[in-house]
Amino acid sequence: MINVTLKDGSVRQYEPGTSVAQVASSLGAGLAKAACAGRVDGVAVDLRTPLEVDCAVEICTFGDPDGRHAFWHTSSHILAQAVLRLYPQAKFAIGPAVENGFYYDFDVTPAFTAEDLAGIEEEMKKIVKEALPIERFFVNAAEAMEIFKDQPYKQELLQKHAAAGQRISLYRQGDFVDLCAGPHLMDTSPVRALKLTSATGAYWHGDSNLAMLSRIYGVAYPKQSELEAYLTMLEEAKKRDHRKLGRELQLFALLEEGPGFPFFLPNGMILKNELLTYWREVHKKAEYSEISTPILLNQQLWLRSGHWDHYKNNMYTTEIDGEPFAVKPMNCPGGMLVYKTQMHSYRELPLRMAELGLVHRHELSGALHGLMRVRAFTQDDAHIFMTREQIIDEIMGVCRLIDEVYSLFGFQYNVELSTMPGDHMGSDEDWEMATEALKKAMEMLDRPYTVNEGDGAFYGPKLDFHLVDAIGRTWQCGTIQLDFQMPERFDLEYTGEDGAKHRPAMIHRVVYGSIERFIGILIEHFAGAFPTWLAPVQVMLVPISEAHHAYAEEVKQQLEAVGIRVEADLRNEKMNYKIREAQLRKIPYMLVMGDKEVLEKTVAVRARKEERGGVKSVEDFMAATVEEITSRAL
RNA sequence: GCUACUGUAGCUCAGCCGGUAGAGCAGCUGAUUCGUAAUCAGCAGGUCAGCAGUUCAAGUCUGCUCAGUAGCUCCA
């Protein structure tokens, strides 16, 4: 007998070969049929995995990651089965569960379009109704090749297994058999609420040199109400889309005349300038100096920096007096030249030079996305030149700076360490040393991070800071890159204590990342209702009728005198109309003024934050608002 | 760049089987002077993304180009 320790700690005995599902069903009616997968000793397993040794078993449901995986994976098989029934000529690639649902890739001609989805969805619902048992079985490589003789993509996948001499795991549900490691549900019936969300293209193996397949995405839940909740969440997310809000709040514009080149409107410019003012304050405190370098520089410089060899495809070029020039895609080479304009002593190090540099990169047209992905953007860059001994301290200093800035906005973030890519400059030893330095700094700060192998910049490894936005997407913003290559290429030097010349080490780093992307994320994070210090208009004055205009003008001058951004709505409109409009513009405060206020020299405050509302003296309102703005309260 | 889709007034959208463009909001003018999310009336707004083609006739059909959307690839 095998001893099985259950989730609650109790121990039961089962015959060898009993499956996790049988354990589950012995624990209570319905469990085995529910949308669930099993875990044995904390490892996700298929429910029918036989128990062979003493173990701890827990049963997971749709609510946890393993349960979802099994549920969505089975959903993708149902999708494939439906496609097999309706499009027998389709070739099957792969169909995994993903973060929010599942997909399956097919090779069909013509490619699937959105119109095809309804029919496939209907067929899927039939398969769910049929409650087909899902059966797992194993074959050898030759048998598998026979089963998939008409499926070139499956055959390609099988070749790896065949070489390794492995037995091949297959799943069958009714007339459909797929190559799959599982886990899956026991049968197709729990997939009650499903929806196919889109039909798109996707490269085979994610490689843009290979064939483009037709991918169908879907979501599925055990209950209709859960599906509806998910769809509602998507609708809510749409409402805070920065492209929509950017237009409505007149923050920025993206016009056909400049694809990927954003225009900042007056309101957006206020927001941007507030961010930059704060940025300069923080950097001054952290002992950075500020420089500015040209946008256009001679091609010779880009050859020297390595950008011409490694980044040419993304660079805009032109010619001046017969000489080739390029628009800068990065600020570093300019920064190197600034360093070289003078001799440097070890006494000056670490030398921190910041630059709000406008860079241009030719991104693929299909990659552009509002302010999040553009072709011209301002990096809040800085280059730190230092001795090797100072590296760890400087990295930690930048980490703390990034944390301080992100915290101000209430952002969560996670950190990734990206290591040496295939296309890189410099020796393996330098890369090793640089990577270790980044790791060491993170360990000393006791910050968690994940490793992203081979994703570093061509000149050095990096720590990437990913902000988590309002709907759970992550965006790469801050980055810290340690670089031994540029100082070498540009022959940078400093004079050491010993009077000899030494090579400084260098860090590239950004905090916001790009001002444009950061603004995009801020818009979605706050759904356009910015904290008062960032709001383009902080206070709207709403006189009830013309008789109160003079008082409104008077209050306006008082507020302006202390630096509050205020507008008076003196249009010939009803108060309700003015309030509605100010509300839609997401202005933090509305001051309503009628006979009563004029007489008492007060204002009736309608505030976005409840606690700031009520009737107040102008002085009290001003003092509280100035405090809120200067403290940059959320 | 690739796959699929979309493009009509500043914005949101209608426009059937091809017969020569329509609404609401915003804007302008006038009336109205009002207590916490839309006062009423009138006026003005469009080379139907662009360029070709089919047709007696194209917003509508076809092709190409441009731009956008969802993904893929790439990335701050």
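All values reported here derive from a predicted model rather than from experimental measurement. By convention in this document, chain letters (A, B, ...) are assigned in the order of the sequence lines, proteins followed by strands, and residues within each chain are numbered from 1.
Among the protein residues, A:Lys238 comes within range of no part of the nucleic acid, since none of its heavy atoms lies under 4.0 Å from any strand. Note on A:Arg361: a base of the nucleic acid sits closer than 4.0 angstrom, heavy atoms only. Contacts of A:Val374 with the nucleic acid, taken as non-hydrogen atoms under 4.0 Å apart, include base atoms. In this structure, A:Tyr217 reaches the sugar-phosphate backbone alone: every heavy-atom distance under 4.0 Å involves primed, P, OP1 or OP2 atoms, never a base. Contact annotation for A:Val510: no contact, since no heavy-atom pair falls under 4.0 Å across all strands. Note on A:Gly478: nothing from the nucleic acid sits closer than 4.0 angstrom, heavy atoms only. Residue contacts shown for A:Asp595 include a base, since a base heavy atom lies under 4.0 Å away. Within 4.0 Å (heavy atoms only), A:Ala582 reaches no atom of the nucleic acid at all. Within 4.0 Å (heavy atoms only), A:Arg585 reaches no atom of the nucleic acid at all.
Below the 3.5 angstrom threshold, one finds a donor paired with an acceptor across the side chain of A:Glu597 and the base of B:rG35. The base of B:rA76 is paired with the side chain of A:Ser514 by a donor and an acceptor separated by under 3.5 Å.
Distance noted for atom C1' between B:rU55 and B:rC61: 10 Å (whole Å). For the C1' atoms, the distance from B:rC34 to B:rA38 is 14 Å, rounded to whole Å. Rounded to a whole angstrom, the distance from the C1' atom of B:rA31 to that of B:rA37 is 24 Å.
No aromatic stack links A:Trp475 and the base of B:rA76, using centre distance under 5.5 Å and interplanar angle under 30°.
A:Phe411 has its side chain out of reach of A:Val405: every pair of non-hydrogen atoms, C-beta onward, lies at least 4.5 Å apart. Annotation: side chain of A:Asp107 is not in contact with side chain of A:Phe92 (no heavy-atom distance under 4.5 Å).
Here A:Gln476 reaches the OP1 or OP2 of B:rA76: one of its side-chain N or O atoms lies under 4.0 Å away.
Considering only side-chain atoms of A:Arg373, the nucleotide from B:rG35, B:rA70, B:rC75 that sits closest is B:rC75.
In textbook terms, a nucleotide whose glycosidic angle is within 90° of 0 is syn, while B:rG7, being further out, is anti.
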Pairs under 3.5 angstrom, nitrogen or oxygen only, protein versus nucleotides 2-7 of chain B, please.
unit_1, atom_1, unit_2, atom_2, d
B:rU3, O2, A:Gly201, N, 3.2

(request) Sugar-phosphate atoms are those with a prime plus P, OP1 and OP2; base atoms are the rest. Using that split, label each nucleotide of nucleotides 37-42 of chain B B, S or - for protein heavy atoms under 4.0 Å, 5' to 3'. (result) BBB---
